[in-house]
Protein chains: 2
Amino acid sequence: MCEKSIKDLVDLYIHVSFSVNKIAEGLIKEQIGSDLTNDQHYTLRYINKVGTCTSTELAEVFDVKKSAITAIITRMWEKGLIQRTRDENDRRVVYLNLTEKGEELFLKTEERIHALVESFITQFDQTEIVQFLKTYEKLNEILTERKSRVE
Amino acid sequence: MCEKSIKDLVDLYIHVSFSVNKIAEGLIKEQIGSDLTNDQHYTLRYINKVGTCTSTELAEVFDVKKSAITAIITRMWEKGLIQRTRDENDRRVVYLNLTEKGEELFLKTEERIHALVESFITQFDQTEIVQFLKTYEKLNEILTERKSRVE
DNA sequence: TTTAATTATTCAACTGTTTAACTATTAACC
DNA sequence: GGTTAATAGTTAAACAGTTGAATAATTAAA
């Protein structure tokens, strides 16, 4: 069995993660078509999941400045996908929701992305993919922990 | 043991890959600092690996149009990181190389990125990370195959 | 030799991003 | 209570990256 050095493992990780991300992004863009950009789809997904959120929350989750969120939300608001509602108790905050149109568009694109991901996930043994995701989740925890430690 | 449905696995994959990518990109940006963007670093890495290449080749690898490559290469050329040389036999093609400055900058940033990736890879069992990378590579092959089949 | 195809570039338009300045509102404190 | 902080969100300028369409220069094919 080949004993790989740490350096080789790191090189391999950098190479594979770059390649997988590039291709996956391209495939997702193909699925969601011209109605939405990838970032807009991710925004739609997040708001759909939590129901209601604020710009500040999105900025934290997406790890960008609030002004970047304003820009992306405004574009989606112009397309009629997102609603903005002022909080009456604290008039600084603006709540973001999906409109009916936004929900419909999300569900339509989400269905296609699910089919896409499923089509390659099912090419693995169930045990292999479960183990893979377990490690991937652990990696996510390590990264999340490191990120919060730095900030 | 929990028997997870395909749908749950797909959901988990979408969520974890999104999160890992976002955080990893942010950490890499921290490491390479203000000299370079992430995309410019990836470009530097690719040219460093192959030695010499063309715009067409980069456009295929990065899965973008050639005009996007022209833009990014011009910016790096202005910083003195990349050399452009016309082929004397086929005067349409322009070869791209790293300058000495480009190589130095790549090595400097690459060292820091390696240290970063190593710092979280070494938090896993060697066997776990090797298995993870094996599956990740397989996923990369499936995606590459699918991409080439579509085009 | 005319017509294709290929390689790279330019330009306009757009998305996403940051930084800095600003508005409006709420919280803290003496 | 009135002044000073802090917070939520927006705006504007500037930049990186992207696409699509048009163009120039060159080579390949008919």
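Scope of the values below: all heavy atoms of this structure, side chains included, with no hydrogens, waters or symmetry mates. Just so we're clear, the structure is a prediction, and the values are computed from it rather than from any experiment.
- A heavy-atom distance below 4.5 Å is not found between the side chains of A/Asp35 and A/Thr109.
- Using a 4.0 Å heavy-atom distance criterion, B/Lys66 is classed as a base contact.
- Counting any heavy atom pair closer than 4.0 Å across all strands shown, A/Thr70 reaches a base atom.
- Mapping A/Ile69 and B/Val93 onto DNA chain C via the closest heavy atom, the residue that lands nearer the 5' end is B/Val93.
- In this structure C/dA4 sits in the syn conformation; its chi angle is within 90° of 0.
- Here D/dA8 is the nucleotide among D/dT27, C/dG16, D/dA8 with the atom lying nearest to any side-chain atom of A/Arg92.
- Counting to the nearest Å, the C1' atom of D/dA13 and the NZ atom of A/Lys65 are 17 Å from each other.
- Summarising the geometry, the separation between CZ on A/Arg75 and C1' on C/dA13 is reported as 12 Å, rounded to the nearest angstrom.
- Comparing C/dG16, C/dT25, D/dT18 by their nearest atom to the side chain of A/Lys22 picks out D/dT18.
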Decide yes or no on ring-ring contact (aromatic ring centres under 6.0 Å, His included) for A/Phe132 and A/Phe124, but give the supporting numbers first.
-> CA-CA 10 Å; A/Phe132 175 78; A/Phe124 291 87; 7.3 Å; no

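- Atom CE of B/Met76 is separated from atom C1' of D/dG17 by 13 Å (rounded to the nearest Å).
- At a threshold of 4.0 angstrom between heavy atoms, the contacts of B/Arg86 with the nucleic acid are absent.
- Atom CD in A/Glu25 sits about 11 Å away from atom P in D/dT19, given to the nearest Å.
- The base of C/dT25 does not come close enough to the side chain of A/Arg91 for any donor and acceptor atom to sit less than 3.5 Å apart.
- Both distances falling under 3.5 Å, in either a Watson-Crick or a G-U wobble arrangement, occur for no nucleotide opposite C/dT26.
- For the pair A/Glu88 CD and C/dA24 P, the computed distance is 17 Å after rounding to whole Å.
- A syn base is found at D/dA5: its glycosidic angle is within 90° of 0.
- Base-pair partner of D/dT27: not found among the strands shown (Watson-Crick or G-U wobble, both distances under 3.5 Å).
- At whole-Å resolution of the value, NZ in B/Lys29 and C1' in C/dT19 are 13 Å apart.
- In this structure, A/Lys22 satisfies the cation-pi test against B/Phe62, with its NZ or CZ atom closer than 6.0 Å to the six-membered ring centre and inside 45 degrees of the ring normal.
- The partner of C/dT15 is D/dA16, judged by Watson-Crick or G-U wobble contacts that both fall below 3.5 Å.
- Summarising the local packing, CD of B/Glu111 is surrounded by 12 or fewer heavy atoms from other residues, nucleotides or ligands at distances under 6.0 Å.
- Side-chain contact between A/Arg84 and A/Tyr95: absent, with no pair of heavy atoms (C-beta onward) separated by less than 4.5 Å.
- One interatomic measurement links the two molecules: CG of A/Leu44 to P of C/dT15, which rounds to 16 Å at whole-angstrom precision.
- Within 4.0 Å of B/Asn89, counting heavy atoms only, lie sugar-phosphate atoms of the nucleic acid but no base atom.
- Across D/dT10, D/dT19, D/dA8, the shortest atom-to-atom separation from the side chain of A/Thr56 is found for D/dA8.
- A sub-4.0 Å separation between OP1 or OP2 of C/dT9 and a side-chain N or O of B/Arg84 is present.
- The shortest distance between side-chain heavy atoms of B/Asn140 and B/Tyr136 does not fall below 4.5 Å.
- Counting any heavy atom pair closer than 4.0 Å across all strands shown, B/Thr74 reaches no nucleic acid atom.
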Evaluate the criterion side chain to side chain donor-acceptor pair (under 3.5 Å) for residue pair A/Gln131 and A/Thr135; output intermediate values, then yes/no.
-> CA-CA 6 Å; A/Gln131 177 55 48; A/Thr135 305; 3.2 Å; yes

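- Each of A/Tyr95 and B/Asp39 was assigned the nucleotide of DNA chain D with the nearest heavy atom; the assignment lying further toward the 5' end belongs to A/Tyr95.
- Residue B/Gln40 contributes atom CD, which lies 17 Å from atom P of C/dT17 at whole-angstrom precision.
- Of all nucleotides listed (D/dA8, D/dT18, C/dA8), D/dT18 comes nearest to the side chain of B/Val64.
- For C/dA4, there is no paired base (Watson-Crick or G-U wobble, both distances below 3.5 Å).
- For D/dG20, its base sits under 3.5 Å from the side chain of B/Ser67 at one donor and acceptor pair at least.
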